[in-house]
There are 2 protein chains.
Amino acid sequence: MTAARGLDEAEQHAWREFLWAARLLFDVLDRQLQHDAGMPHAYYLILAALSGAPDHTMTMGELARAVRSSPSRLSHAVARLETAGWVRRGRDPHHRRHTYAHLTGAGLRALTAAAPGHVAAVRRHLFDRLSAAQVDALREACAAVRAGLEPAAGASPR
Amino acid sequence: MTAARGLDEAEQHAWREFLWAARLLFDVLDRQLQHDAGMPHAYYLILAALSGAPDHTMTMGELARAVRSSPSRLSHAVARLETAGWVRRGRDPHHRRHTYAHLTGAGLRALTAAAPGHVAAVRRHLFDRLSAAQVDALREACAAVRAGLEPAAGASPR
DNA sequence: GCACCTTTGTTGAACGCTCAAGCGCACGCT
DNA sequence: AGCGTGCGCTTGAGCGTTCAACAAAGGTGC
């Protein structure tokens, strides 16, 4: 491919494998979740993030950082999750600039129903294909890449 | 996260790193291409695939397989590339079922203009962060995952 | 020649994401 | 108090993807 001039052969090969492994994996996970649970993967991550927060509640900003989402994207997404009855929004009377998002009972149930199938898919398509050493190597390489892409401020969620 | 029950700690960690490394990387590459070359990454891949084909021409089906795209997605994409003047479609009078996609001169120029910036971004965000051993390990792990997801065609001829 | 099926590709609607613009609240300044 | 500035979040339009439905061409069997 003309495209890959500037990368040596090992890099071209690695890039193609990474590209298609990730794209195909995300595609199959998205399809599985959409089909079995009626939500795309991004929405699953939002519900999962909320489920791990105290009182199942976070501000929109915290949530956006947790799921690496732009404010706009999150706002649209939560609007849709709200009409699904899975999330409720409200304003904190003491910090009226902030909007908090709260996982509803129905939202938690939807997440709990979706989780086993999703985790099983991750296991089947990712971890069942890798040795323990490969899992370690994958984690290390991806951690290096992610660290370079992460908005340098406070890499760990507050 | 409630979500990750069923994966051990090493797997959870690896999954998160892989997830965010890939998502953030694809986001930044998409943004770079859209900004500098006026095309999303998926369209770049289509032009690149055509540029490597004899006579810069492939059938829609071949092209769809090359870029791991559904027929529908490719049809929409090529329609758009056609209005941009980067691809032309036509029917072969001898095999009238097939539609050919042909990379135009303007398409090749657009690809050639886009390639260096894209490759530089891949290098900067991916390979500059990894040792040669990490690149090898990443390729191997991703190859195993991709092989499990690929529709198994190509290895065996028909 | 005819009915049926498969292959190949397109279409339209729904949906998620991005980008640019905008709104409301809080804070700092004078 | 009045005014600007920045932050947090939302909005609307446009684009790309998906899904289901469809269309057209080439078999295949009778």
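Given the structure is predicted, the values throughout are model-derived calculations rather than measurements.
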Handout entry: Min side-chain heavy-atom separation E150(B)-R68(B) under 4.5 Å
Key = yes
A side-chain contact here means heavy atoms from C-beta on lying under 4.5 Å apart; do L50(B) and L111(B) qualify? no
Once the angle between the rings of F18(B) and F18(A) is folded into 0 to 90°, is it parallel (under 30°), tilted (30 to 60°) or perpendicular (over 60°)?
perpendicular
| said: Please verify the inter-ring angle class for F26(B) with W15(A); under 30° counts as parallel, over 60° as perpendicular, anything in between as tilted. | reply: perpendicular
Close N/O contacts between protein and nucleotides 17-19 of chain D (under 3.5 Å):
from	atom 1	to	atom 2	distance (Å)
dT17(D)	OP1	R73(B)	NE	3.4
dT17(D)	OP1	R73(B)	NH2	3.0
dT18(D)	O4	H76(B)	NE2	3.2
dC19(D)	OP1	R31(A)	NH1	3.1
dC19(D)	OP2	R31(A)	NH1	2.8
dC19(D)	N4	S72(B)	OG	2.5

Near R96(B) CZ, under 6.0 Å, is it more than 12 heavy atoms from other residues, nucleotides or ligands? no
Atom [atom1] of [X] to atom [atom2] of [N]: distance rounded to whole Å?
X: L63(A); N: dT10(D); atom1: CG; atom2: P; answer: 11 Å
X: M60(A); N: dC23(C); atom1: CE; atom2: P; answer: 19 Å
X: H94(A); N: dC25(C); atom1: NE2; atom2: P; answer: 16 Å
X: Y100(B); N: dT8(C); atom1: OH; atom2: P; answer: 12 Å
X: D92(A); N: dC25(C); atom1: CG; atom2: P; answer: 14 Å
X: R65(A); N: dC7(D); atom1: CZ; atom2: P; answer: 12 Å
X: E62(A); N: dG8(D); atom1: CD; atom2: C1'; answer: 12 Å
X: F26(A); N: dG16(D); atom1: CZ; atom2: C1'; answer: 18 Å

Determine: side-chain N/O of [X] to OP1/OP2 of [N], distance under 4.0 Å, yes or no.
X: R97(A); N: dA26(C); value: no
X: R91(B); N: dA24(D); value: no
X: R96(B); N: dG26(D); value: no

Check: Transitively linked via ILVMFWY side-chain contacts under 4.5 Å: Y100(B) with L81(B)?
Finding: no
query: Side chains of T59(A) and H98(A): donor-acceptor distance under 3.5 Å anywhere?
result: no
